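Here the structure is a predicted model, which means the values were calculated and not measured. Below, chain A is the first sequence line, B the second, and so on; all start at residue 1. In what follows, every heavy atom counts, from backbone to side chain, and hydrogens, waters and symmetry copies are set aside.
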Number of protein chains: 2
Amino acid sequence: MQTLSIGELSELSGVANQAIRFYEKEKLMPAPQRTEANYRRYPMDAVARLQFIVHAKQWGFTLDEIRELLILQDANGDRAQAKRIAEEKLHKIREQIKHLSRIEAVLSRTLAECTGEGPMQEGCPIVEAIAGQEE
Amino acid sequence: MQTLSIGELSELSGVANQAIRFYEKEKLMPAPQRTEANYRRYPMDAVARLQFIVHAKQWGFTLDEIRELLILQDANGDRAQAKRIAEEKLHKIREQIKHLSRIEAVLSRTLAECTGEGPMQEGCPIVEAIAGQEE
DNA sequence: GATAACCTTAAAGTCAACTATAAGGTCAAG
DNA sequence: CTTGACCTTATAGTTGACTTTAAGGTTATC
């Protein structure tokens, strides 16, 4: 079976060498076999594992959460737990969207009111909106 | 005119002493007067300034951006510049909402498909969705 | 006059997720 | 047999917004 050096794995996955070593230290990537000269040698499926990590990051999962998912996979664990992790993430994402939407609403309303003319003192709508908001 | 110690200002504003000193170092709060014993003494309106900072942070402004706004206010500067800062922020917020909404859509669709039953190996929809997505 | 509750500074630590640097070992090409 | 491209480890630096720690000075109270 063909194996990969860390540089080759980096090329194929688009993840920097140092990041790969970092993931190993953080237990996201398993420690690979070594050559006589102590060089890392990865199996081909290491590429897919790295890409899983990259994608999960794009989805907003933290490395801690990704590690949980990977441990479940490695242990051939319970699908219900993976679902729970994803549900928590979905909940957090919806909260973030809500928070940002509230800000978006107030800020765009404020900007619509603001001509952008005149000096700051006495009643710049932007400053007043920030200063005067409650929550 | 009544003045405040840093502890009193902290109480009234809800901002920790060390954070207040940090804002001073970062030029968000002006250096206040000192007593003979070198204790800081704040004017009452320091409370409002701190609350402006807190609110702006809640809106997602960074300290750099808040400093810009405060400098504009202090200099009684151009309202157009404040508007520009707010417009940039609004743009960034809308980008974030778009990004999160895409994730939300895929994740909620995936979760709807997932019964949460069975083992991880071979076809857990969550894992497959993360592993197989393009972008 | 001692104890506690304040205040002062400077420097280091925190979190996440790496990146960069230093100091060296290995391997293929010419 | 040397040059350069790769690999190794450990340690330090990055960003943002602080918090924590250390080591001390001041003020109010008993």
Taking all non-hydrogen atoms of both residues, which atom of [X] and which atom of [Y] are closest, and how far apart?
| X | Y | value |
| --- | --- | --- |
| T3(B) | E8(B) | O-OE1, 4.1 Å |
| I85(B) | L69(B) | CD1-CD2, 4.1 Å |
| I103(B) | G60(A) | CD1-N, 4.5 Å |
| S108(A) | R94(B) | CB-NH2, 3.5 Å |

For [X] and [N], give me the distance from atom [atom1] to atom [atom2], rounded to whole Å.
| X | N | atom1 | atom2 | value |
| --- | --- | --- | --- | --- |
| R34(B) | dC6(C) | CZ | P | 19 Å |
| L4(A) | dC7(D) | CG | P | 11 Å |
| D64(A) | dA16(C) | CG | P | 6 Å |
| E11(B) | dA5(C) | CD | C1' | 13 Å |
| L50(A) | dC18(C) | CG | P | 11 Å |
| N17(B) | dT19(D) | CG | P | 10 Å |
| K25(A) | dA17(C) | NZ | P | 14 Å |
| M29(A) | dC18(C) | CE | P | 13 Å |

Residues, nucleotides or ligands: over 12 heavy atoms within 6.0 Å of Q33(B) CD |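 Atom CD in Q33(B) is not packed in, count stays at 12 or less.
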
Does a sphere of radius 6.0 Å around CD in E113(A) hold more than 12 heavy atoms from other residues, nucleotides or ligands, not counting ones at 6.0 Å or beyond?
->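 More than 12 within 6.0 Å, yes.
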
Please determine which of R67(B), H55(B), E68(B), K89(B) meets the side-chain contact (heavy atoms from CB on, under 4.5 Å) test together with F61(B).
->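 Between F61(B) and the candidates, side-chain contact (heavy atoms from CB on, under 4.5 Å) is satisfied uniquely by K89(B).
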
Are any of [X]'s side-chain N or O atoms less than 4.0 Å away from OP1 or OP2 of [N]?
| X | N | result |
| --- | --- | --- |
| K57(A) | dC18(C) | yes |
| Y23(A) | dA17(C) | no |
| R67(B) | dA17(D) | no |

Angle by which the axis turns from one end of the helix from dG1(C)-dC30(D) to dG30(C)-dC1(D) to the other, five pairs per end, to 10 degrees |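 Nearest ten degrees gives 30° for this helix.
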
With the side chain of [X] defined as its heavy atoms from C-beta on, choose the nearest nucleotide among [options].
| X | options | answer |
| --- | --- | --- |
| F22(B) | dT27(D), dC18(D), dC7(D) | dC18(D) |
| L63(A) | dA17(D), dT27(D), dA17(C) | dA17(C) |
| Y39(A) | dG25(C), dT9(C), dC18(C) | dG25(C) |
| I6(B) | dT8(C), dC7(D), dT26(C) | dT8(C) |

When you compare the protein's N or O atoms with those of nucleotides 21-24 of chain C, which come within less than 3.5 Å of each other, and at what distance?
| from | atom 1 | to | atom 2 | distance (Å) |
| --- | --- | --- | --- | --- |
| dT21(C) | O4 | Q18(A) | NE2 | 3.0 |

What residues, two or more places apart in sequence or in another chain, satisfy side chain to side chain contact (heavy atoms under 4.5 Å, CB included) together with Y39(B)?
-> T35(B), A37(B)

Ignoring hydrogens and angles, tell me if any N or O in the side chain of R41(B) forms a donor-acceptor pair with the backbone of I6(B) under 3.5 Å.
-> no

What's [X] touching, base or sugar-phosphate or nothing? Going by heavy atoms closer than 4.0 Å.
| X | value |
| --- | --- |
| T62(B) | sugar-phosphate |
| R41(B) | nothing |
| S5(A) | sugar-phosphate |
| R40(A) | sugar-phosphate |

Which residue lies more 5' along DNA chain D, comparing A19(B) with N38(A) via nearest heavy atoms | N38(A)

Would you say F52(B) and M44(B) are hydrophobically clustered, going by side-chain heavy atoms of ILVMFWY under 4.5 Å?
-> yes

